[in-house]
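The block underneath contains the structure these notes are about, expressed in C-alpha cells.
Residues: numbered from 1 along the sequence shown.
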Amino acid sequence: MTHRLQFTKASGAGNDFVLINAVNGPLPLDYAPLARAACDRHFGVGADGLLVIEPSARADFLMRYYNADGSHGGMCGNGGRCIARFAFIEGIAGRHQRFEALDYVYEADVAGDGTVRLNMKDPSRFREGIRLSDGKGGDLEGTFIDTGAPHVVLFSDEIDALDVGSLGRTLRHDGAFAPGGTNVNFVGTAGGSTVRIRTYERGVEAETLACGTGSVASALIASERHALRSPVRVRVRSGEYLVVHFTGERGSWRDIALEGSAHMLFQGTMFYDPVSSTLLGSP
C-alpha cells in the first residue's frame, strides 16, 4: 500500500530536515527506511534527517528524529529548534513550549523573527586528552562530551583546509568511541567570543552545514580552552551563526541554550511505498 505523506522541508542554520506531522497519532510505518528514502538527495526530498512530530502525554508533543541513513541517533539541537517553530506555526504549541525527545522534556521559545531558543540537557561524559590517529600515522588530541549526542572536539588553525569528509570519517569510527562512534567537530577561533566549526555527522556520514549539539559541544570546550564567556557565537559551515548560552565551567556546565534560525522552506507531498522503501512519482 502506497502512503501519501504531507511534509515540510525545514532548515536550522543550514542543517536541513524533512518534517512530518503525526500529532494525531504515530504513522503505521517503520520510520528508519522512510528516513532513508525521504532524505536521499537524488531520489528523495533530500535532508540530513527526518523529524516526526507525535502526541505526548508529558508535553505539547513528542519529537522523533532519524538520521539520513535511518539510524535513530541522539538528540538533534537544530532539529529541535525547527520542530518547535513548526509546532508554533501549525498551532500545536505556543511560543513557549515543551516537547519530549528521548525520554527528556525540552523547552523552546519561538521569537517573532523565526529565531528559536532551545534549552538543552546538561552535558555528560566529559573526557579530555583523548589520543587519536588520523589514519595516516599522525596523532591528534581531542576532547569528548555528550551534549544530547556524542561529540569529539578538535582544534585547528586551518579548518578551511581540512578534508573533513575523510578525517571526520576516520575519527568517527575511532576505537576510543566504540561501539557507537561519535560526531566530529573541528574548531577554530574567530576573535572575541566567536568560534568557527566544521562538523562530520554520524548517521549522515558526511560534513553538514550546521550541527546544533556539535555547536554546543564546541562552544563549551572552546570556552574552557580559550576562556570565552557566555554567550559564545558559533559560525557554522553555512555561514550562519548559532549562539550558545551557558553557566558553569570545565565539565560542569549547565543552563545551556541553543539559539538560531529555523526556516520553513517549502511543503509538499510524497508517495512512499513501504514494500520497496522508495518514493514514487505518483500513487
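The side chain to side chain donor-acceptor pair (under 3.5 Å) search around Glu128 returns Arg250, not counting sequence neighbours. Residues satisfying the side chain to side chain donor-acceptor pair (under 3.5 Å) criterion with Arg235, sequence neighbours excluded, are absent altogether. Applying the side-chain contact (heavy atoms from CB on, under 4.5 Å) rule to Arg169 yields the partners His173, Tyr200; only residues at least two apart in sequence or on another chain are considered. Here Tyr106 pairs with Phe99, Tyr104 under the ring-ring contact (aromatic ring centres under 6.0 Å, His included) rule; sequence neighbours left out. Residues passing the ring-ring contact (aromatic ring centres under 6.0 Å, His included) test with Tyr66, sequence neighbours excluded: Tyr31, His72. With sequence neighbours left out, the ring-ring contact (aromatic ring centres under 6.0 Å, His included) criterion links Phe7 to no other residue. Listed by chain and number, the residues in a side chain to side chain donor-acceptor pair (under 3.5 Å) with Arg41 are Asp16, Asp48 (sequence neighbours excluded). Under the rule for a side chain to side chain donor-acceptor pair (under 3.5 Å), the partners of Thr213 that lie at least two apart in sequence or sit in another chain are His151. Considering only residues two or more places apart in sequence or on other chains, His96 meets the ring-ring contact (aromatic ring centres under 6.0 Å, His included) condition with none of them. Here Ser276 pairs with Asp273, Thr278 under the side-chain contact (heavy atoms from CB on, under 4.5 Å) rule; sequence neighbours left out. Looking at residues two or more places apart in sequence or on another chain, you find no salt bridge (charged side-chain N to carboxylate O under 4.0 Å, His left out) involving Arg202. Under the side-chain contact (heavy atoms from CB on, under 4.5 Å) criterion, Asp40 pairs with His42, Phe43, sequence neighbours left out.
Transitive grouping of hydrophobic side chains (ILVMFWY, heavy atoms separated by less than 4.5 Å) keeps Leu5 and Phe61 in distinct clusters. Clustering ILVMFWY residues whenever any of their side-chain heavy atoms sit less than 4.5 angstrom apart, transitively, puts Met75 in the very cluster that holds Val234. Following chains of ILVMFWY side-chain contacts shorter than 4.5 Å, one can reach Leu167 starting from Ile159, so the two form part of one hydrophobic cluster.
Looking only at distances, a side-chain donor or acceptor of Gln97 sits under 3.5 Å from a matching main-chain atom of Ala84. Side-chain atoms of Ser252 never come within 3.5 Å of backbone atoms of Gly248 as a donor-acceptor pair (strictly under, hydrogens ignored). A donor-acceptor pair under 3.5 Å is absent between the side-chain atoms of Thr208 and the main chain of Cys211, judged by distance alone. Checked by atom type and distance alone, the side chain of Lys9 pairs as donor or acceptor with a backbone atom of Gly46 at under 3.5 Å. For Glu224 (side chain) and Ile221 (main-chain N/O), no donor-acceptor pair under 3.5 Å exists by modelled atom type. Although no hydrogens or angles enter the test, the distance criterion places no donor-acceptor pair under 3.5 Å between the side chain of Ser11 and the main chain of His263. Using modelled atom types, no side-chain atom of Asn67 and backbone atom of Asp69 make a donor-acceptor pair closer than 3.5 Å.
For the atom pair CD1 of Ile89 and OG1 of Thr8, the computed distance is 8.5 Å after rounding to the nearest 0.5 Å. Expressed to the nearest 0.5 Å, how far OG1 of Thr269 lies from CD of Gln6 amounts to 3.5 Å. To the nearest 0.5 Å, atoms CG (Asp60) and CD (Glu100) are separated by 11.5 Å. Between the CZ atom in Arg254 and the CG atom in Asp122 there is a gap of 8.0 Å [rounded to 0.5 Å].
Checked against Leu19 for a side chain to side chain contact (heavy atoms under 4.5 Å, CB included), the options Val52, Leu50, Ile83 give a single hit: Ile83. Tested against Phe186 for a side chain to side chain contact (heavy atoms under 4.5 Å, CB included), the candidates Leu171, Thr199, Ile197 yield a single pass: Leu171.
Around CZ of Arg131, the count of heavy atoms belonging to other residues, nucleotides or ligands within 6.0 Å exceeds 12. Counting non-hydrogen atoms of other residues, nucleotides and ligands closer than 6.0 Å to CG of Asn24 gives a total of 12 or fewer. Glu141 CD: more than 12 foreign heavy atoms inside a 6.0 Å radius.
Shown here for Leu258 and Ser215, the closest heavy-atom pair between the two residues is CD1-CB, 4.5 Å.
A salt bridge links Arg196 to Asp160: one of the charged nitrogens lies within less than 4.0 Å of a carboxylate oxygen.
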